[in-house]
Number of protein chains: 2
Amino acid sequence: MATISDVARLAGLSVSTVSRVINKSPHVSDKKREAVESAMNELGYVPLPAARQLRGSRTNTMAVTIPRIVNPFFSYLVDAIEQELDEAGYSTLIVQTFGRAEEELTALNLLKNQQVDGVILCSLENDWSVINGYCKYGKIVLVNEYLKDVDVPIIRGDQYDGFYTATNFLFDNGYKKIAYATGRKTITIMKKESNFDADRFAGFQSSLSDHNLGFNYDWLFTNAHTAEDGKEIFKKIMTLKNKPDVVIAGSDEVAMGISQEAEKQGIKVPEQLGVLGVDDQPASANLRIPLTTIKQPVDEMGRKAARAMLGLINGEEVSKMQICKLKVIKRASA
Amino acid sequence: MATISDVARLAGLSVSTVSRVINKSPHVSDKKREAVESAMNELGYVPLPAARQLRGSRTNTMAVTIPRIVNPFFSYLVDAIEQELDEAGYSTLIVQTFGRAEEELTALNLLKNQQVDGVILCSLENDWSVINGYCKYGKIVLVNEYLKDVDVPIIRGDQYDGFYTATNFLFDNGYKKIAYATGRKTITIMKKESNFDADRFAGFQSSLSDHNLGFNYDWLFTNAHTAEDGKEIFKKIMTLKNKPDVVIAGSDEVAMGISQEAEKQGIKVPEQLGVLGVDDQPASANLRIPLTTIKQPVDEMGRKAARAMLGLINGEEVSKMQICKLKVIKRASA
DNA sequence: CTGAAAGCGCTTACAG
DNA sequence: CTGAAAGCGCTTACAG
């Protein structure tokens with residue numbers, strides 16, 4: 001591979017001059033600039049990033065962490081981020097965490113080791129105290145986090161409002177006995193804006209209160225992730241004496257499982273049991289029973305996260321908290 | 001950030017010795033090794049990859065190119081590749097090409113610049129002549145390509161056999177007038193194993209011949225990618241005097257569009273019109289009319305590609321061509 | 001505008 | 001087993 005010295009030799013100039021044209025320094029005469037450029041072309045010269053990094057220059061690449069790329073929410077999120085970053089001339093490096101804290105550190109170490117200029121964390125796996133230690137190495141942006149008093153931009157959906165609105169929507173459509181499923185192992189009751197899941201539940205509760213209702217804890221289903229889990233939930237519902245008439249499923253997969261199993265057992269959706277998904281995955285519109293669902297504005301969130309990162313890099317003022325609205329997509333299942 | 005010199009100073013040893021323990025050289029006394037290790041821990045030292053790369057050592061990271069991450073075929077393929085690579089201690093860097101040749105060069109330059117040890121190309125955007133120029137910089141593996149006389153491993157699905165079998169399957173189910181949709185702008189009729197699309201078409205043709213049938217070119221639909229395109233295809237079909245009774249849709253999206261539009265216009269699927277998808281996307285089983293589709297063995301292909309790459313890196317003998325079988329997944333739409 | 005030289009953080013012969 | 005020194009390919013003051 002050709003090096004900067006090869007170019008300098010061929011052009012009959014010093015490496016300093018070659019370096020200047022590489023870095024677009026203005027202090028080079030047109031004549032020599034051309035000489036250097038033609039030498040670079042002749043040799044097919046490309047500067048070695050490792051050497052430039054060693055000197056502390058920018059990498060023009062960004063890392064983004066997500067739990068799992070096969071989850072459409074995250075693949076679309078990454079896609080939006082990448083498009084925006086791409087326009088600014090940055091490459092994107094996608095790191096899957098698979099929910100493991102060490103994998104997140106892999107991405108963070110990219111920052112520490114100056115392999116990337118910044119990292120956008122879409123799935124926080126470590127405590128803030130450990131993330132915080134990496135802030136000195138480069139820029140960090142968080143997506144869908146509820147941390148307070150943290151000195152990095154956070155872009156998130158308004159879970160409280162989304163779930164509040166969605167629950168009202170269910171009441172407006174005549175449902176009264178609302179079950180609630182979540183991926184979490186437990187539900188922590190906290191006030192608004194405490195954390196992602198608590199915020200969702202708080203929005204839900206708040207609508208219940210507005211309708212003078214309390215929550216029936218027989219209708220709480222935790223640890224629900226897959227369509228399979230959804231089927232189990234439906235089976236459990238059928239064993240209940242006092243059955244809910246609709247369930248907020250926590251995700252489209254779970255919703256899909258519930259509605260499939262209901263259909264299989266001859267229970268009509270949405271008449272006998274309503275089902276409300278979350279995320280609006282690409283397939284949800286084309287299901288056997290098209291899913292009514294709460295949509296997160298992935299594209300908006302991704303682009304905002306990317307722009308926040310670019311702002312940070314360019315030393316601009318960027319607002320520490322950007323909140324995007326969720327939206328109920330009305331289809332057949334509720 | 002702590003450097004190797006800081007560690008050496010703290011341990012009261014030379015940088016050479018520190019370097020030796022970093023690189024697990026056997027020629028270090030246990031005593032000094034421990035001294036170095038405790039110094040590294042105390043400082044939170046991590047070797048700077050850029051500096052190591054400059055000296056020509058391995059990066060332990062691999063790049064993989066795909067056209068678009070939001071396409072489930074590719075997100076699952078990448079997922080399989082990454083899982084396998086992960087077990088071997090490699091990180092994976094995902095590069096989206098968006099179908100652009102320059103983006104593919106981005107990935108290839110990662111190789112040239114020693115940022116990755118190898119690249120797995122799942123979407124060839126440049127001519128082989130240009131890819132070939134990068135072989136000297138590192139390892140390359142191709143997925144789903146039909147190039148001949150090329151000195152890199154290729155992992156692909158047996159498109160001919162898959163489409164041959166699928167077409168036979170349609171005949172077995174009573175269909176006789178088979179339409180064919182493809183994402184390509186044109187169909188090139190070539191013999192078996194010429195290229196990806198020609199191979200599919202050849203398999204299809206071959207089954208037609210077995211049933212003493214020729215292909216009706218009114219039933220060929222090109223440039224079909226999205227569900228929207230599928231809807232258009234259905235509309236075109238309805239204008240035909242001599243209508244097909246089933247269509248091989250080229251992708252699940254297109255199949256979905258065709259079957260949706262058919263339903264909307266009161267044409268019964270699969271009774272009046274059968275629809276066969278390709279890829280078996282996660283949603284296809286849960287569509288309003290569950291899709292019968294040709295499944296590519298993504299997981300197998302991804303893992304084989306990763307293993308071929310690892311074999312190359314380790315200097316093992318790896319077979320130049322690995323072919324995986326496609327499979328018809330029978331559901332409701334055909 | 002241009003060049004010689006130091007130095008970024010490592011690894012690796014070369015001596016001992 | 002251990003260390004001093006050269007060098008990987010660049011950038012950036014410092015002089016001129």
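Just so it is clear: chains get the letters A, B, ... in the order the sequence lines come, proteins before strands, and each one is counted from 1.
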Subject >> CA sep, side-chain torsions, deciding dist, call: Arg33(A), Glu37(A), salt bridge (charged side-chain N to carboxylate O under 4.0 Å, His left out) >> reply: CA-CA 6 Å; Arg33(A) 181 186 311 281; Glu37(A) 278 166 355; 5.2 Å; no

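Distance, Asp30(A) CG to dC1(C) C1': 11 Å, rounded to whole Å. When the P atom of dT2(C) is taken as reference, atom NZ of Lys31(A) falls 10 Å away, rounded to whole Å. Taking atom CD1 of Ile22(B) as the reference point, atom P of dG9(C) lies 13 Å away to the nearest angstrom. Rounded to whole Å, atom P of dC10(C) lies 12 Å from atom CG of Leu43(B). When the C1' atom of dC8(D) is taken as reference, atom CG of Leu48(B) falls 14 Å away, rounded to whole Å. With rounding to whole Å, Met40(A) atom CE is found 17 Å from dG9(D) atom P. Between the C1' atom of dT2(D) and the CG atom of Asn23(B) lies a distance of 16 Å, rounded to the nearest Å. We find that CZ of Arg9(A) is positioned 12 Å from P of dC10(D), with the value rounded to whole Å.
Between Ser16(A) and dG3(C) there is no side-chain polar atom (N or O) within less than 4.0 angstrom of OP1 or OP2. Contact check, Thr3(A) against dG9(D): no side-chain N or O comes under 4.0 Å of OP1 or OP2. Phosphate proximity of dG9(D) to Arg52(A): absent, as no side-chain N or O sits under 4.0 Å from OP1 or OP2.
Here the closest non-hydrogen pair linking Ile22(A) and Arg52(A) is CG2-NH2, 3.6 Å.
A donor-acceptor pair under 3.5 Å is absent between the side-chain atoms of Lys24(B) and the main chain of Val21(B), judged by distance alone. Using modelled atom types, one side-chain atom of Asn195(A) and one backbone atom of Asp197(A) make a donor-acceptor pair closer than 3.5 Å. The backbone N or O of Arg100(B) sits nowhere less than 3.5 Å from a side-chain atom of Glu125(B) that would complete a donor-acceptor pair. A donor-acceptor contact shorter than 3.5 Å is absent between the side chain of Asp117(B) and the backbone of Lys139(B).
Checked against dT12(C), dC10(D), dC8(C), the side chain of Leu54(A) finds its nearest nucleotide in dC8(C). The listed nucleotides are dC10(C), dA5(D), dG3(C); the one nearest the side chain of Ser14(A) is dG3(C). Here the nucleotide nearest the side chain of Lys32(B), chosen from dT2(D), dT12(C), dA5(C), is dT2(D). The side chain of His27(B) lies closest to dC1(D) when the candidates are dG9(D), dC10(C), dC1(D). Among the nucleotides dG9(D), dT2(D), dA5(C), the one closest to the side chain of Ala51(A) is dG9(D). For Arg20(A), counting side-chain heavy atoms from C-beta on, the closest listed nucleotide (dA13(D), dT11(D), dG9(C)) is dA13(D).
Comment: Lys320(B) does not engage Asp149(B) in a salt bridge, judged by the lack of any side-chain N to carboxylate O separation of less than 4.0 angstrom.
Ser29(A) comes within contact range of the sugar-phosphate backbone alone, with a heavy-atom separation under 4.0 Å but no base atom that close. At the heavy-atom level, Thr17(B) lies under 4.0 Å from the strands shown only through sugar-phosphate atoms.
Judged by the 6.0 Å and 45° rule, Arg68(B) forms no cation-pi pair with Phe74(B).
Listed by first residue number, the stems of DNA chain C with at least three Watson-Crick or G-U pairs below 3.5 Å are C:1-3 with D:14-16, C:5-12 with D:5-12, C:14-16 with D:1-3.
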